[in-house]
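Numbered from 1 within each chain, the chains take letters A, B, ... in sequence-line order.
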There are 2 protein chains.
Amino acid sequence: MGSYGQFCPVARAMELLDERWTLLVVRELLAGSRHFNDLRRGVPRMSPSLLTKRLRTLHDAGVVERHEGPNSVTYELTAAGRELHHVVEALGIWGTRWMPEIGDHHLDPRLLMWDLHRNVDLEAMPDGRTVLEFHLPDAKPRARDWWVVADDEGADLCDDDPGYEITARIEASLETLSRVWIGEIAWDRAVRAGDLRISAPDHVRRQLPTWLTLSHFASVDRPMAGV
Amino acid sequence: MGSYGQFCPVARAMELLDERWTLLVVRELLAGSRHFNDLRRGVPRMSPSLLTKRLRTLHDAGVVERHEGPNSVTYELTAAGRELHHVVEALGIWGTRWMPEIGDHHLDPRLLMWDLHRNVDLEAMPDGRTVLEFHLPDAKPRARDWWVVADDEGADLCDDDPGYEITARIEASLETLSRVWIGEIAWDRAVRAGDLRISAPDHVRRQLPTWLTLSHFASVDRPMAGV
DNA sequence: CAGTATCCATTTCGATACTG
DNA sequence: CAGTATCGAAATGGATACTG
């Protein structure tokens, strides 16, 4: 394993990048995660020891820098790491266009809510606190109810009721919400079909789609759409 | 192994593409190889059974088409496969810019000569037959001498003396010629340093660099150059 | 030309539990 | 918070030889 025995730069890049999980960790770092446990939330099926190992490999390759603070450790991409965004972008576009639709084994409520919560548009939200309650009836008990609590400082994700007043409640199956998030079905269409149910005052209901920024790849053109 | 359990399109693309050798096979197909044994020459360290397996996986994923002719089998990229050129391109550029210089274990005379021979510029060459003899003194006996025989039909690679009149003879270590090929050192500089030695009439000697097109990534800007 | 067949050493990863 | 420790099951793929 390891080297391909080729001088070709594609092969030498893949020596590092074809290791399982590696580019997903890079994707998380590109998305802005800095702490070990934040990274974990972006790759929830990855074991912590494997994450450690990958971070070390990426560090040794000059892609990641590790900073030890007084009471926290942060990881950051180097210039080389930041340039991997071209690779991740190309992969994401290709995956969106050509990979078959998502199946049950691709669905993960923890990842979905983690992605959703870190992409809320704080600017678009009203001043003060906004609390979005999500209910995924078909998820496992522990992953069924979520709260995104946003103020001008940022957005937090809770899996316990924080007790605040709810601005809006969103109910959908894990599959529906996932497919809306990645752009496979449109928000409005899911609402009209009754697959996405919103409990909120009318003005909130209208605003809601602008608060939730969908996946970066949601707007990618799909050649197979409707086939 | 296999699924990452993520709906993220980067993850779904990597489910297919992070398997060892896969993108190098795609690179070969993008470079124009159509036949099994041509593909093998582009990935000389890959076992034939593994190549078979990867081709099957790529076929099942809709990336490759397999055509059985009367006495030959050809593989061709589908539209989905052709679009992987964005991914391969991004990887090659990144690898060129950020992967450390090549080491001995990256050198492979078979691959080098295969790459060189399929990138000669037939248009730039004189009419009739052109025969380039390569001598790599430090390669293993069987991989030390090569002949590229080009006419207006195409270029062939031989590892036995075809017996034709030699237009030019090029002598360099495997490392030097590899580094020139991938653009790590310039042709002229290698010649001036005496690392690349050419036996040919003066007008051929001047023309030679235009006949040999270097690696597609040779011209990529290297941020670490000279550090 | 275009693959199969075989075989095992090695790796790799996932799951889980635990720690300063 | 930021990791280690441990373990075994699974698979991966490299080497080599062979075939219609």
| query | Under 6.0 Å from the CG atom of B:Asp104, do we count more than 12 heavy atoms belonging to anything else shown? | reply | no
| Close side-chain approach of A:Leu122 and A:Trp211, heavy atoms under 4.5 Å | no
| C:dG14 phosphate, OP1 or OP2: any side-chain N/O from B:Tyr4 under 4.0 angstrom? | no
| task | Establish, with yes or no, whether the OP1 or OP2 oxygen of D:dG14 is under 4.0 angstrom from a side-chain nitrogen or oxygen of B:Arg20. | result | yes
| query | Between A:Trp98 and B:Val63, is any pair of side-chain heavy atoms under 4.5 Å apart? | reply | no
| For atom CZ of B:Arg40 and atom C1' of D:dG14, their distance in whole Å | 13 Å
| task | Give a yes-or-no answer on whether the side chains of A:Glu65 and A:Thr78 include a donor-acceptor pair shorter than 3.5 Å. | result | no
| Under 4.0 Å between a side-chain N or O of B:Arg34 and OP1 or OP2 of C:dC1? | no
| message | Just the rounded figure in Å: distance from P of D:dA5 to NZ of A:Lys53. | response | 14 Å
| Which ones in residues 10-18 of chain A lie close to DNA chain C, meaning a heavy atom under 4.0 Å from one of its atoms? | none
| remark: The nucleotide from D:dT4, C:dC13, D:dA17 with an atom nearest the side chain of A:Pro48 is D:dT4
| field | Euclidean distance, atom CD of residue B:Glu68 to atom C1' of C:dA2 [Å, nearest integer] | value | 10 Å
| task | Establish, with yes or no, whether the OP1 or OP2 oxygen of D:dT4 is under 4.0 angstrom from a side-chain nitrogen or oxygen of A:Arg56. | result | yes
| said: Heavy atoms from C-beta onward define the side chain here; which of C:dG14, C:dA2, D:dG14 lies closest to that of A:Trp21? | reply: C:dG14
| B:Tyr75 side chain N/O closer than 4.0 Å to the phosphate oxygens (OP1, OP2) of C:dG3? | yes
| said: Does atom CG (A:Asp127) have a neighbourhood of more than 12 heavy atoms from anything else shown, all under 6.0 Å? | reply: no
| said: Would you say the ring centers of B:Trp147 and B:Phe134 fall short of 6.0 Å from each other? | reply: no
| query | D:dG3 P sits how many Å from A:Leu39 CG, rounded? | reply | 10 Å
| message | In whole Å, I'd like the distance from the CE atom of A:Met46 to the C1' atom of C:dT12. | response | 12 Å
| B:Val149 versus B:Arg129: any side-chain heavy-atom pair under 4.5 Å? | yes
| said: Any side-chain N or O of A:Thr52 below 4.0 angstrom from OP1/OP2 of D:dT4? | reply: yes
| note | Which of C:dA2, D:dT4, D:dA2 is nearest the side chain of B:Asn37? It is C:dA2
| said: Taking any heavy-atom pair under 4.0 Å as a contact, classify A:Ser72: base, sugar-phosphate, or nothing. | reply: sugar-phosphate
| message | Of the listed nucleotides (C:dC1, D:dG14, C:dG14), which one gets closest to any side-chain atom of A:Ser47? | response | C:dG14
| message | Just the rounded figure in Å: distance from P of C:dT19 to CZ of A:Phe36. | response | 17 Å
| Does A:Arg97 make a cation-pi contact with A:Phe217, if we ask for NZ or CZ under 6.0 Å from the ring centre and within 45° of the axis? | no
| A:Arg12: partners by side-chain hydrogen bond (donor to acceptor under 3.5 Å, both in side chains), with sequence neighbours left out | none
| request: Rounded to the nearest angstrom, tell me the gap between atom CG in A:Leu55 and atom P in D:dA2. | output: 11 Å
| query | Out of C:dG3, C:dG14, D:dG3, which nucleotide sits closest to the side chain of A:Leu50? | reply | C:dG14
| request: Take atom NE2 of A:His135 as the centre, draw a 6.0 Å sphere, and report whether it contains more than 12 heavy atoms from other residues, nucleotides or ligands. | output: yes
| note | Of the candidates D:dG3, C:dC1, C:dC13, the side chain of A:Arg54 sits closest to C:dC13
| task | For B:Asp38 and C:dA2, give me the distance from atom CG to atom P, rounded to whole Å. | result | 8 Å
| task | Ignoring the backbone of B:Ser49, work out which of D:dA17, D:dA15, C:dA2 is nearest its side chain. | result | D:dA15
| said: Please check: side-chain N/O of A:Thr213 versus main-chain N/O of A:Asn119, any donor-acceptor pairing under 3.5 Å? | reply: yes
| task | Starting from the first five and the last five pairs of the helix from C:dC1-D:dG20 to C:dG20-D:dC1, work out the angle between the resulting helix axes, to 10 degrees. | result | 60°
